[in-house]
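Data block below; observations after.
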Amino acid sequence: MVLEVALIDVTPGNEDDFAAAYAQARPILAGAEGCRSVRMTRGVESPTRFVLLVEWDSVEAHDVNFRQTDRFAQWRGLIGPYFAGPPLVEHFTDVPA
């Protein structure tokens with residue numbers, strides 16, 4: 001399992017519209033093969049910053065099963081207009097305790 005972390009800065013004044021677009025777009029992402037969970041959080045100190053957390057079966061599941069499909073275009077078409085700039089996206093794995 002890998003965790004996709006995307007830092008998304010939204011154009012000031014569009015936070016509520018972005019959140020509404022995310023609510024509409026979430027099922028598109030959550031329905032992708034290999035997607036285990038989806039969660040969006042919003043900054044308290046920086047309310048224009050959102051953090052998307054997605055658990056995937058693998059990096060390939062994210063890249064191939066989502067980013068290389070029409071689902072990604074639909075997803076980005078709904079939420080992308082609110083971006084202040086390109087999101088910073090990275091993948092992480094758990095550190096054994």
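Note that the numbering runs from 1 along the sequence shown for the chain. Only a predicted model underlies this, so the values are computations on that prediction, with no experimental measurement involved.
- Within 6.0 Å of the CD atom in Glu33, the count of heavy atoms belonging to other residues, nucleotides or ligands does not exceed 12.
- Here the side chains of Phe92 and Val5 are in contact, with some heavy-atom distance below 4.5 Å.
- The CG atom of Asp17 sits 4.5 Å away from atom OH of Tyr82, with the distance rounded to the nearest 0.5 Å.
- The line from CD of Gln68 to CG of Asp63 is 7.0 Å long, rounded to the nearest 0.5 Å.
- Between Glu4 atom CD and Glu90 atom CD the span is 11.0 Å, to the nearest 0.5 Å.
- Taking the side chain as every heavy atom from C-beta outward, Val54 and Ser37 never approach each other to under 4.5 Å.
- Between the side chain of Thr41 and the backbone N or O of Val51 there is at least one donor-acceptor pair closer than 3.5 Å.
- Ring geometry for Phe66 against Trp56 counts as tilted: the plane angle lies between 30° and 60°, on a 0 to 90° scale.
- Atoms CG and CD1, on Leu52 and Ile8 in that order, are 5.0 Å from each other to the nearest 0.5 Å.
- Without hydrogens or angle criteria, Arg26 side chain to Val38 main chain gives a donor-acceptor distance under 3.5 Å.
- In this structure, the side chains of Arg42 and Arg49 stay at 4.5 Å or more apart for every pair of heavy atoms.
- Across all their heavy atoms, Ala6 and Val89 have their closest contact at CB-CG2, 3.8 Å.
- Clustering ILVMFWY residues whenever any of their side-chain heavy atoms sit less than 4.5 angstrom apart, transitively, puts Leu3 in the very cluster that holds Leu88.
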For Ile79 and Phe18, run side-chain contact (heavy atoms from CB on, under 4.5 Å): C-alpha distance rounded to whole Å, both residues' side-chain angles, the deciding distance at 0.1 Å, then the answer. CA-CA 6 Å; Ile79 66 169; Phe18 173 77; 3.8 Å; yes
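- Side chain of Ser58 to main chain of Ala61: a donor-acceptor pair is present (N/O by atom type, distance under 3.5 Å, no hydrogens or angles).
- No donor-acceptor pair closer than 3.5 Å links the side chain of Arg39 to the backbone N or O of Leu53.
- Using a distance-only test at 3.5 Å, with no hydrogens or angles considered, no donor-acceptor pair links the side chain of Ser46 to the main chain of Gly43.
- Relative to the six-membered ring of Phe72, Arg67 meets both conditions, a distance below 6.0 Å and an angle of at most 45° to the axis.
- Taking CZ of Phe83 as the start and CG of Asp9 as the end, the distance is 10.0 Å to the nearest 0.5 Å.
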Are Thr48 and Glu15 close enough, and set up right, to give a side-chain contact (heavy atoms from CB on, under 4.5 Å), and what steps lead you there? CA-CA 6 Å; Thr48 60; Glu15 300 89 351; 2.7 Å; yes
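- Here the CG atom belonging to Leu29 is positioned 11.5 Å from the CG atom belonging to Leu78, to the nearest 0.5 angstrom.
- Considering only residues two or more places apart in sequence or on other chains, Asp70 meets the salt bridge (charged side-chain N to carboxylate O under 4.0 Å, His left out) condition with none of them.
- A donor-acceptor pair under 3.5 Å links the side-chain atoms of Arg71 to the main chain of Ile28, judged by distance alone.
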